[in-house]
Protein chains: 2
Amino acid sequence: MAKSKKAERLDASTEEKIKEAARTVFHKKGFAATRTRDIAEEAGINLALLNYYFRSKARLFEIIMLETISVFVQAMALALNDEKTTLGEKVERVVTSYIDLIEKEPDLPIFMLSEIRNNPDLLLVKLPIKQAIMGSVFFRQHHEAVTQGKITEPSPIQFLMNLIGLIMFPFIASPMLKRIGDLKEEDFNRLMQERKRLIPVWIEAMMKAS
Amino acid sequence: MAKSKKAERLDASTEEKIKEAARTVFHKKGFAATRTRDIAEEAGINLALLNYYFRSKARLFEIIMLETISVFVQAMALALNDEKTTLGEKVERVVTSYIDLIEKEPDLPIFMLSEIRNNPDLLLVKLPIKQAIMGSVFFRQHHEAVTQGKITEPSPIQFLMNLIGLIMFPFIASPMLKRIGDLKEEDFNRLMQERKRLIPVWIEAMMKAS
DNA sequence: GTCTATAGGGGGATAGAC
DNA sequence: GTCTATCCCCCTATAGAC
């Protein structure tokens with residue numbers, strides 16, 4: 001029987017237990033509001049072990065941050081670089097995989113975006129994000145579609161902002177949206193599932209309208 | 001000559017100077033990462049005065065937070081409750097006023113959204129957000145438009161998510177977007193100005209497509 | 001009202017036993 | 001490798017002079 005991903009994994013190595021605990025707590029509270037004691041408790045180990053394995057809170061955080069961004073960017077880069085899919089299929093794939101991912105880990109987007117604000121340089125330099133996106137098959141196909149008049153919105157950056165924003169924003173704003181719309185957890189999730197179907201339709205309509 | 005809004009206002013009352021400084025620092029770094037010393041320095045006063053006027057960091061924060069949310073919600077509520085404007089005009093007005101507002105204070109959205117995550121209850125209860133939005137003229141007009149078949153997307157919540165997301169998300173993600181798209185500050189601002197025109201067009205296309 | 005000085009506590013990190 | 005005990009700095013908050 002395969003191990004549960006999120007459950008406690010008592011058999012995992014201590015180092016790995018600390019990392020999983022750190023991921024959980026950092027994602028939920030952010031760097032500044034997280035206490036190393038919280039991580040130790042979540043991991044079921046002693047505080048001293050955290051420093052034994054990772055030297056400092058800052059180093060542990062950096063590791064978690066890089067892994068988190070990497071997961072996000074790779075999911076995107078893989079979808080955008082598939083030679084075999086059309087533009088529309090790429091949109092569908094990005095939408096579905098991100099909505100599923102974020103529904104499992106709802107803290108991810110707000111964590112990433114707010115921590116990147118505090119470390120604008122340090123963390124992004126180490127990953128080849130720009131090349132992965134700007135040099136992608138997606139960008140070539142987008143350019144071709146514009147040239148052939150299939151879509152009229154000429155800026156791939158606007159396209160990306162819209163796509164990612166339509167996916168992520170509801171999750172980022174969910175506490176406020178739940179309050180405004182009087183939504184329970186399950187109502188909210190149902191709306192997000194609807195969006196898997198709706199966003200690709202909307203994106204197509206938008207790109208022909210501008 | 002009217003005073004500059006953002007400039008130092010040496011003539012402002014001490015209490016007001018502290019509040020302005022607190023707004024600046026809290027918005028930029030969030031509650032947990034802000035030190036009261038930072039606020040005192042920004043205000044050009046002594047640390048003890050902060051506690052003299054506001055008793056504690058937490059109380060000062062709550063005041064700033066409520067005012068900030070209030071500004072945001074009121075701008076929205078006013079636009080959505082205008083009896084004289086059409087649905088499309090409301091969209092244009094929300095888009096323009098928010099993009100202008102956020103361009104002046106780019107930290108606003110990420111501040112609000114990430115701090116609300118940490119205080120999901122406390123802060124939203126005190127403002128009549130739900131009524132202002134859900135009982136608005138906008139909602140009545142949206143319902144009428146659906147009934148008359150002018151738009152085909154039946155959920156006003158999805159509509160709102162899309163509208164606010166298309167406006168705010170680029171600002172929230174700007175550090176990453178600037179890096180990916182190799183954009184300078186002025187390039188980014190130009191894209192946001194373009195969006196004042198584009199978002200209403202996109203929204204209209206989306207609402208007829210689903 | 002505004003300052004200086006300091007109390008008081010919390011949190012990151014380490015020493016040292018096992 | 002893992003623990004307990006502790007150091008020490010930093011930050012919030014207050015006491016008390018002016």
Side-chain angles (χ1 to χ4, degrees), chain A residues 8-68 107 111 114-115 117-119 122-123, chain B residues 3 8-68 111 114-115 117-119 122-123:
Chain A
E8 289 220 3
R9 305 222 319 174
L10 291 172
D11 56 335
S13 75
T14 301
E15 186 169 351
E16 196 52 38
K17 274 196 292 186
I18 296 174
K19 267 179 66 174
E20 288 181 12
R23 201 172 358 256
T24 304
V25 182
F26 278 140
H27 283 184
K28 190 164 158 193
K29 316 216 288 185
F31 177 77
T34 293
R35 299 175 312 149
T36 50
R37 285 169 168 80
D38 296 335
I39 299 175
E41 191 184 356
E42 173 82 19
I45 53 102
N46 189 277
L47 174 56
L49 274 180
L50 189 152
N51 291 85
Y52 174 77
Y53 280 102
F54 296 96
R55 277 195 56 83
S56 76
K57 177 186 177 185
R59 278 182 55 81
L60 176 54
F61 178 78
E62 199 180 333
I63 291 169
I64 299 299
M65 185 73 182
L66 282 174
E67 287 188 5
T68 302
D107 291 323
F111 165 78
S114 60
E115 297 299 333
R117 163 184 66 158
N118 304 331
N119 268 303
L122 184 60
L123 292 161
Chain B
K3 288 168 239 167
E8 288 222 4
R9 306 220 322 175
L10 291 172
D11 57 334
S13 74
T14 301
E15 186 169 352
E16 196 53 38
K17 275 196 291 188
I18 297 174
K19 266 178 66 173
E20 287 180 13
R23 202 172 357 256
T24 304
V25 181
F26 278 139
H27 283 185
K28 191 163 157 193
K29 315 215 289 186
F31 177 77
T34 293
R35 299 174 312 149
T36 50
R37 284 170 165 81
D38 297 335
I39 298 175
E41 191 185 356
E42 173 82 18
I45 52 99
N46 189 277
L47 174 55
L49 274 181
L50 188 151
N51 291 85
Y52 174 77
Y53 281 101
F54 297 96
R55 275 193 56 84
S56 76
K57 176 187 177 185
R59 277 183 55 81
L60 176 53
F61 178 78
E62 198 179 333
I63 291 169
I64 298 299
M65 186 72 181
L66 282 174
E67 286 188 6
T68 302
F111 165 78
S114 59
E115 297 298 334
R117 161 184 67 157
N118 303 332
N119 267 304
L122 184 61
L123 292 162

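To find a chain, count down the sequence lines: A is the first, B the second, and so on, and within it residues start at 1. In what follows, every heavy atom counts, from backbone to side chain, and hydrogens, waters and symmetry copies are set aside.
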Nearest-Å distance for atom pair [atom1]/[atom2], residues [X] and [N]:
X	N	atom1	atom2	value
B:I45	D:dA13	CD1	P	13 Å
B:F54	C:dT2	CZ	P	12 Å
A:I39	C:dG10	CD1	P	19 Å
A:L47	C:dG11	CG	C1'	9 Å
A:K57	C:dG10	NZ	P	16 Å
A:E41	C:dG10	CD	C1'	15 Å
A:N51	D:dA5	CG	P	18 Å

B:F61 and B:E115: side chain to side chain contact (heavy atoms under 4.5 Å, CB included), yes or no, with the steps?
CA-CA 10 Å; B:F61 178 78; B:E115 297 298 334; 3.6 Å; yes
Check whether any side-chain N or O of [X] sits under 4.0 Å from OP1 or OP2 of [N], and answer yes or no.
X	N	result
A:T36	C:dG12	yes
A:S56	C:dG12	no
A:N46	D:dC3	no

[X] side-chain proximity, nearest of [options]:
X	options	result
A:A48	D:dT4, C:dA13, D:dA13	D:dT4
B:Y53	C:dG12, D:dC3, C:dT2	C:dT2
A:L49	D:dG1, C:dG1, D:dA13	D:dG1

Between A:R35 and A:R55, which is nearer to the 5' end of DNA chain C once each is assigned its nearest nucleotide?
A:R35
Would the B:F26 and B:F111 ring centres measure less than 6.0 Å apart?
no
Classify the nucleic acid contact of [X] as base, sugar-phosphate or nothing, counting any heavy atom under 4.0 Å across all strands shown.
X	answer
A:R37	base
A:L50	nothing
A:Y52	base

Is it true that, when you exclude A:E41 itself, more than 12 heavy atoms of the residues, nucleotides or ligands shown sit nearer than 6.0 Å to its CD?
no
Counting distance only, does the side-chain N/O of A:R59 pair as donor-acceptor with the main-chain N or O of A:N51 below 3.5 Å?
no
Please check this pair: side chain of B:E15 against backbone of B:Y53, looking for a donor-acceptor N/O pair closer than 3.5 Å.
no
